[in-house]
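A, B, ... follow the sequence lines: proteins, then strands. Residue 1 opens every chain.
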Protein chains: 2
Amino acid sequence: MTNGEDSLKLSNQLCFPLYTASRLVTKCYQPLLSKLDLTYPQYLVLLVLWEEDQVRLSDIAVKLQLQSNTLTPLLKRMEELKLIKRLKSSEDERSIIISLTEKGIALKKEAEWIPESLGEKLNLSAVEAKQLYQLLYKLINSAE
Amino acid sequence: MTNGEDSLKLSNQLCFPLYTASRLVTKCYQPLLSKLDLTYPQYLVLLVLWEEDQVRLSDIAVKLQLQSNTLTPLLKRMEELKLIKRLKSSEDERSIIISLTEKGIALKKEAEWIPESLGEKLNLSAVEAKQLYQLLYKLINSAE
DNA sequence: GATATTTGTATCGTGCACGATATAAGTGAT
DNA sequence: ATCACTTATATCGTGCACGATACAAATATC
């Protein structure tokens with residue numbers, strides 16, 4: 001972007017808008033998700049499970065790029081909310097299989113309007129959203 | 001992006017790469033910042049102060065889009081690390097003025113190589129970085 | 001087949017982030 | 001001056017995120 005003296009200016013750093021945008025988008029979800037009594041990371045877990053039920057904890061960890069020490073308590077809270085079940089795998093006793101409960105499955109219908117609702121909050125055109133999407137994935141894949 | 005059935009797919013959501021990219025970039029900073037005994041939000045506060053010393057807590061809050069209940073303990077920890085001073089404003093006894101200590105000022109020199117070092121970790125071209133930067137700011141400004 | 005290594009999950013400690021709420025200082029209207 | 005109102009910061013409680021570490025099940029090695 002720039003070199004030398006200005007490199008430490010907040011306005012010249014990519015890190016800052018990334019950090020701010022991420023928190024801001026999470027914040028946009030908050031009022032929508034609180035109606036479903038969900039937090040943002042819990043919603044991400046459900047997105048995984050709505051696509052494919054019966055997933056190992058370690059597979060969720062890979063998909064969401066989260067570690068076991070983050071996921072374990074998060075999933076335990078979701079279990080307390082009766083959204084998911086945590087069962088040991090019969091094939092490998094070390095693995096925990098996460099599956100949706102009836103309540104977790106039913107929640108999908110209630111969540112279907114969320115993406116659209118969020119799209120309205122963020123004033124990006126379809127082209128811009130796609131561009132941003134691609135750049136972010138390039139960034140994610142570039143740094144391992 | 002897409003409508004109907006697929007809208008809840010993780011891979012179709014802008015929120016997820018944003019969230020992941022932000023955590024990933026923070027993680028890239030971590031080894032660099034730990035050498036200076038700093039966390040990422042602490043580094044952001046220093047970026048603000050290196051640009052302009054003697055800033056009110058509330059002004060830092062606006063610049064970093066953080067709330068007082070996040071900043072207060074964060075700044076107290078930085079005070080314990082002898083990086084900053086927290087003094088009540090003489091003009092308005094409600095305000096806290098944050099200023100750099102000698103140690104805080106000296107740290108700027110040690111941090112100057114960080115932006116460049118991070119640029120190497122993230123495999124984005126200058127054009128892509130600028131594009132991403134602009135899209136993120138558009139997003140931030142669009143949603144208030 | 002006892003031992004070493006790897007893998008999957010959990011535990012512990014620290015530091016954000018933020019909603020809700022409290023408190024004290026300043027401001028304004030009566 | 002009094003009382004409502006606003007503003008600046010702090011406190012409290014909850015939920016991530018992650019480094020370090022522990023531990024048990026599975027696998028590999030000898």
Round to a whole Å and report the spacing from [atom1] of [X] to [atom2] of [N].
X       : N      : atom1 : atom2 : result
A:Leu75 : C:dG8  : CG    : P     : 16 Å
A:Leu44 : D:dA17 : CG    : C1'   : 13 Å
B:Leu33 : D:dA17 : CG    : P     : 19 Å

[X] versus [Y], closest heavy-atom pair with distance:
X        : Y        : result
A:Leu75  : A:Ile98  : CD1-CD1, 3.8 Å
A:Lys138 : B:Asn123 : CE-O, 4.1 Å
B:Pro41  : B:Leu74  : CB-CD1, 3.6 Å

Indicate whether OP1 or OP2 belonging to [N] is found under 4.0 Å from a side-chain N or O atom of [X].
X       : N      : value
B:Ser95 : C:dA25 : no
A:Arg86 : C:dA10 : yes
B:Ser58 : D:dT9  : yes

message = Quick check: on DNA chain D, is the nucleotide nearest A:Arg77 upstream (toward 5') of the one nearest B:Leu71, or the reverse? Name the residue that is more 5'.
response = B:Leu71
message = Using 30° and 60° as the class boundaries, would you call the ring planes of B:Tyr19 and A:Tyr40 parallel, tilted or perpendicular?
response = perpendicular
ask   = Mind checking whether B:Tyr43 and B:Tyr29 have parallel, tilted or perpendicular rings, split at 30° and 60°?
value = tilted
message = Tell me whether the side-chain N or O atoms of B:Arg94 pair up with the base of D:dT9 as donor and acceptor below 3.5 Å, since no angle test is needed here.
response = no
ask   = A:Lys88 near the nucleic acid: base, sugar-phosphate alone, or nothing, with a heavy-atom cut-off under 4.0 Å?
value = nothing
Between protein and nucleic acid, restricted to nucleotides 18-20 of chain D and to nitrogen or oxygen atoms under 3.5 Å apart, what atom pairs and distances do you find?
unit_1 : atom_1 : unit_2  : atom_2 : d
D:dC18 : OP1    : B:Arg23 : NH1    : 3.3
D:dC18 : OP2    : B:Arg23 : NH1    : 2.8
D:dG19 : OP2    : A:Gln67 : NE2    : 2.9
D:dG19 : N7     : A:Asn69 : ND2    : 2.8
D:dG19 : O6     : A:Asn69 : ND2    : 2.3
D:dA20 : N6     : A:Asn69 : ND2    : 3.1

task = By nearest nucleotide on DNA chain C, pick out whichever of B:Glu93 and A:Asp59 is the more 5' one.
result = A:Asp59
ask   = Taking NZ, NE, NH1 and NH2 as the nitrogens, is one of them in A:Glu52 or A:Lys63 under 4.0 Å from a carboxylate oxygen of the other?
value = yes
query = Out of D:dA17, C:dT9, D:dT11, which has the shortest distance to the side chain of B:Tyr19?
reply = D:dA17
